[in-house]
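Please read these numbers as outputs of a predicted model, since none were measured by experiment. Throughout, protein chains are lettered first and strands after them, A, B, ... in sequence-line order, and every chain is numbered starting at 1.
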Protein chains: 2
Amino acid sequence: MLSNLYEFTLMTSNKKYVIDIDLDYENIVQKIEHFLGKFLLEIYGNCSAVFDGRIKSTLGLGDRLLIIKIDQTILLHELRSLKPINWQLPGVGKLEFKLINSGENKQDIKQTNNYLLELYTFRPKTNESFTVVFENIYSLRAITGRENSEINIEGNEADMQSYLVQNPSLIEDDIKIINREYNTPIGKIDLIGKDKNGKTVLIELKKSLITPADAFQIVRYREIIMKIWNKPENIRSMIIGSKISEKLYFYLKEHEIEFKEIKWNEIFPSIPRKKKKKLNDFFSKNT
Amino acid sequence: MLSNLYEFTLMTSNKKYVIDIDLDYENIVQKIEHFLGKFLLEIYGNCSAVFDGRIKSTLGLGDRLLIIKIDQTILLHELRSLKPINWQLPGVGKLEFKLINSGENKQDIKQTNNYLLELYTFRPKTNESFTVVFENIYSLRAITGRENSEINIEGNEADMQSYLVQNPSLIEDDIKIINREYNTPIGKIDLIGKDKNGKTVLIELKKSLITPADAFQIVRYREIIMKIWNKPENIRSMIIGSKISEKLYFYLKEHEIEFKEIKWNEIFPSIPRKKKKKLNDFFSKNT
DNA sequence: CGTGCCAGGTGCCTT
DNA sequence: AAGGCACTTGGCACG
């Protein structure tokens with residue numbers, strides 16, 4: 001049964017409106033649907049959920065926060081943990097709310113008074129359905145605002161690549177970078193260099209821990225370059241990263257892949273990072 | 001300046017409390033901190049943010065929803081998209097709110113009246129800091145509830161593995177599964193079988209699209225098994241999956257890795273799935 | 001803890 | 001649309 005806590009508010013950056021302070025079964029679905037796709041919707045209450053698609057997940061009753069964003073992304077969040085316990089990506093074909101009754105016996109909803117609010121979505125692209133049923137709703141609100149999101153990211157792989165192009169000696173003495181993001185049929189090679197002996201060096205850049213898959217990448221690049229360039233004798237392969245497991249290190253050695261350790265976290269704090277207006281106060285960590 | 005929209009509410013599953021309806025600069029930090037770690041906190045307002053750690057991300061002003069969960073997970077959500085624009089994992093050592101003033105000139109906060117609310121967190125484990133500054137707060141609420149989360153997942157890789165063990169003929173005639181999750185120094189082999197000719201078959205299971213890295217995995221497993229078992233002549237390698245690109249298919253062939261196509265999405269809906277009480281109504285998709 | 005690997009991975013970009 | 005790959009990948013399981 002929908003709780004008597006139910007309250008429906010609308011937040012804008014200018015004003016707060018109370019849409020409903022008490023239950024209004026007759027219009028709740030219609031009212032919710034009015035905000036779909038134009039506002040971010042939050043429903044907090046006791047619900048269960050089922051996702052069916054790539055996998056099937058069945059979620060028992062619990063108090064959760066359902067967020068329906070403007071682009072129809074759906075997130076069902078619990079009170080702990082980073083990731084939503086269930087979600088639906090944007091691109092749903094249908095997003096329907098309806099009142100259902102909770103009893104096994106299918107009486108008329110208006111007579112039983114056992115209202116449950118059901119959200120059903122279907123995403124044609126992936127053939128995935130998502131259903132949430134609220135047994136209790138504690139609050140409901142719609143949110144709107146200015147969507148100005150300028151994000152600036154520094155210290156990602158692209159940044160490191162640029163930095164190495166500027167400072168090739170970090171890789172090894174007298175190496176020259178001759179290609180960057182070199183296109184092959186199987187992907188792009190981060191960097192290609194010529195060493196002091198004129199040998200080609202295929203370089204794969206990794207910001208975080210090297211994985212076996214990373215090793216494979218560079219092996220395949222060597223294969224494809226040897227095939228395309230037809231110079232089997234002159235190719236070196238190298239992975240540059242900050243961390244590698246011992247096992248994988250020896251594996252690379254066995255397969256004639258060099259590992260060059262560069263501690264990005266030691267280099268990057270020393271690189272003057274671009275500053276943004278009005279955000280100087282934030283840069284307290286490195287000062 | 002903190003908005004006059006500011007409102008602080010507390011939601012429980014029994015009752016809604018209005019903590020503040022108007023601004024109270026003096027106590028806002030203290031009041032927020034009172035709920036930290038015990039309630040889920042939501043702050044909706046106009047904010048900027050800086051994350052500094054594995055990467056440095058600087059986020060300009062925008063209207064966003066900040067969620068601080070009970071375990072101190074922090075999510076900064078925009079009005080669109082699945083992933084938060086910024087976040088902090090649980091395990092922060094510090095989580096501090098404080099009022100700062102907005103002007104360049106560092107006057108006394110209480111005199112300028114230009115209050116900004118700053119959230120600063122530091123996560124020692126990863127050396128990551130996260131700062132959010134609200135120029136405007138539209139609403140603030142604390143949420144509590146029953147945290148009962150029983151989730152049941154079917155159709156993941158583990159499920160498929162079990163299903164193949166039960167139905168090995170899906171792989172090929174007269175194959176016997178002799179190992180499951182077989183431990184090697186470089187990882188676990190999903191399945192090991194013996195075919196009708198007594199040959200060992202190393203099997204890698206993939207639920208979704210086969211990637212080049214998956215091919216590498218099975219090649220490495222073959223290498224290590226040949227080394228450990230010392231039977232180079234009797235090893236077959238196989239990837240089982242539902243989908244593979246043409247290029248990769250030929251790559252596998254070149255490297256003597258067999259590909260066995262099994263359409264999981266055709267098999268799994270036909271497997272009677274466990275049903276949960278009270279959720280029968282959800283299972284409308286497959287009926 | 002590290003190591004390995006799945007994930008309903010998601011998101012971004014290129015062909 | 002498919003491929004390729006980075007991501008503050010997150011999360012789990014196991015030695």
Side-chain angles (χ1 to χ4, degrees), chain A residues 50-57 73 81-90 123 125-130 151 153-161 181 183-190 204-214 216-217 220-221 243-249 251 265, chain B residues 49-57 73-74 76 81-90 123 125-130 151 153-161 181 183-190 204-214 216-217 220-221 243-248 264-265:
Chain A
V50 170
F51 173 86
D52 200 350
R54 286 167 278 185
I55 61 148
K56 179 152 198 169
S57 105
T73 306
S81 86
L82 175 71
K83 296 175 80 169
I85 186 79
N86 270 132
W87 69 93
Q88 179 79 282
L89 288 165
R123 193 168 182 261
K125 186 180 177 182
T126 44
N127 247 20
E128 288 161 344
S129 69
F130 183 43
I151 191 162
I153 299 216
E154 298 171 50
N156 55 8
E157 211 201 69
D159 260 17
M160 294 167 182
Q161 193 183 106
E181 299 285 340
N183 235 331
T184 78
I186 58 169
K188 285 178 182 173
I189 301 176
D190 287 338
E204 176 67 25
L205 225 55
K206 285 299 157 189
K207 202 168 68 71
S208 46
L209 184 73
I210 315 287
T211 68
D214 300 330
F216 182 48
Q217 223 177 327
R220 287 181 81 219
Y221 288 149
K243 211 176 171 191
I244 191 169
S245 78
E246 207 177 336
K247 273 176 202 167
L248 198 51
Y249 177 79
Y251 182 87
N265 56 340
Chain B
V50 170
F51 174 86
D52 199 350
R54 283 167 281 183
I55 210 170
K56 181 152 197 167
S57 104
T73 306
I74 302 171
L76 187 59
S81 86
L82 176 70
K83 293 178 77 173
I85 185 79
N86 270 133
W87 68 93
Q88 178 80 282
L89 287 164
R123 192 169 183 260
K125 187 179 176 180
T126 44
N127 245 18
E128 287 162 345
S129 69
F130 183 42
I151 190 162
I153 297 208
E154 299 170 51
N156 54 10
E157 210 201 72
D159 260 17
M160 293 168 182
Q161 194 182 105
E181 300 287 340
N183 234 330
T184 79
I186 57 169
K188 285 178 182 175
I189 302 175
D190 287 337
E204 176 67 24
L205 222 58
K206 284 299 157 191
K207 204 167 67 68
S208 44
L209 187 72
I210 316 287
T211 68
D214 299 330
F216 181 53
Q217 221 178 327
R220 286 178 82 219
Y221 289 149
K243 210 177 171 190
I244 193 170
S245 75
E246 206 177 337
K247 268 181 204 165
L248 195 51
W264 297 114
N265 56 341

Margin query: Test your reading of the model: is there a side-chain donor-acceptor pair from Lys247(A) to the backbone of Pro185(B), 3.5 Å cut-off?
Written below: yes
Item checked: Minimum-distance nucleotide to Leu209(B) side chain [options: dC7(D), dG3(D), dG10(D)] -> dG3(D)
Next item on the list: Could you say whether Arg123(A) or Ser245(A) is positioned toward the 5' end of DNA chain C, judged by the nucleotide with the nearest heavy atom to each?
Entry: Ser245(A)
Margin query: Mind checking if Tyr221(B) touches a base, just sugar-phosphate, or nothing, with heavy atoms under 4.0 Å?
Written below: sugar-phosphate
Checklist line | Test log, rule side-chain contact (heavy atoms from CB on, under 4.5 Å), inputs Lys125(A) and Leu89(A) | finding: CA-CA 10 Å; Lys125(A) 186 180 177 182; Leu89(A) 288 165; over 6 Å; no
Check: OP1 or OP2 of dT9(D) sitting under 4.0 Å from any side-chain N/O of Arg54(B)?
Finding: yes
Check: Contact class for Gln161(B) vs. all strands (heavy atom < 4.0 Å): base, sugar-phosphate, or nothing?
Finding: nothing
Next item on the list: Just call it for Lys243(B): base, sugar-phosphate, or nothing, with non-hydrogen atoms closer than 4.0 Å on any strand.
Entry: nothing
Margin query: On DNA chain C, compare the nucleotides closest to Leu82(B) and Lys247(A); which residue's is nearer the 5' end?
Written below: Lys247(A)
Checklist line | Pairwise P distance, dG8(C) and dG4(C) [rounded to whole Å] | finding: 22 Å
Notebook entry, point to check: Do the ring planes of Phe216(A) and Phe216(B) sit parallel (below 30°), tilted (30 to 60°) or perpendicular (above 60°)?
Noted result: parallel
Checklist line | Contact interval (first through last nucleotide) of DNA chain C with protein chain B, 4.0 Å heavy-atom | finding: dG4(C) to dG11(C)
Next item on the list: Measure the spacing between CZ of Arg54(A) and NZ of Lys207(B) and express it to the nearest 0.5 Å.
Entry: 7.5 Å
Note to self: Without decimals, in angstroms, what is the distance between Lys125(B) NZ and dT8(D) P?
What the structure shows: 18 Å
Next item on the list: Show your reasoning for whether side-chain contact (heavy atoms from CB on, under 4.5 Å) applies to Ile74(B) and Phe130(B).
Entry: CA-CA 9 Å; Ile74(B) 302 171; Phe130(B) 183 42; 3.7 Å; yes
Next item on the list: For Glu204(A), report the nucleic acid contact type (base, sugar-phosphate, nothing); a contact means any heavy atom under 4.0 Å.
Entry: sugar-phosphate
Check: Within less than 4.0 Å of OP1 or OP2 of dT8(D), is there a side-chain N or O belonging to Asn86(B)?
Finding: no
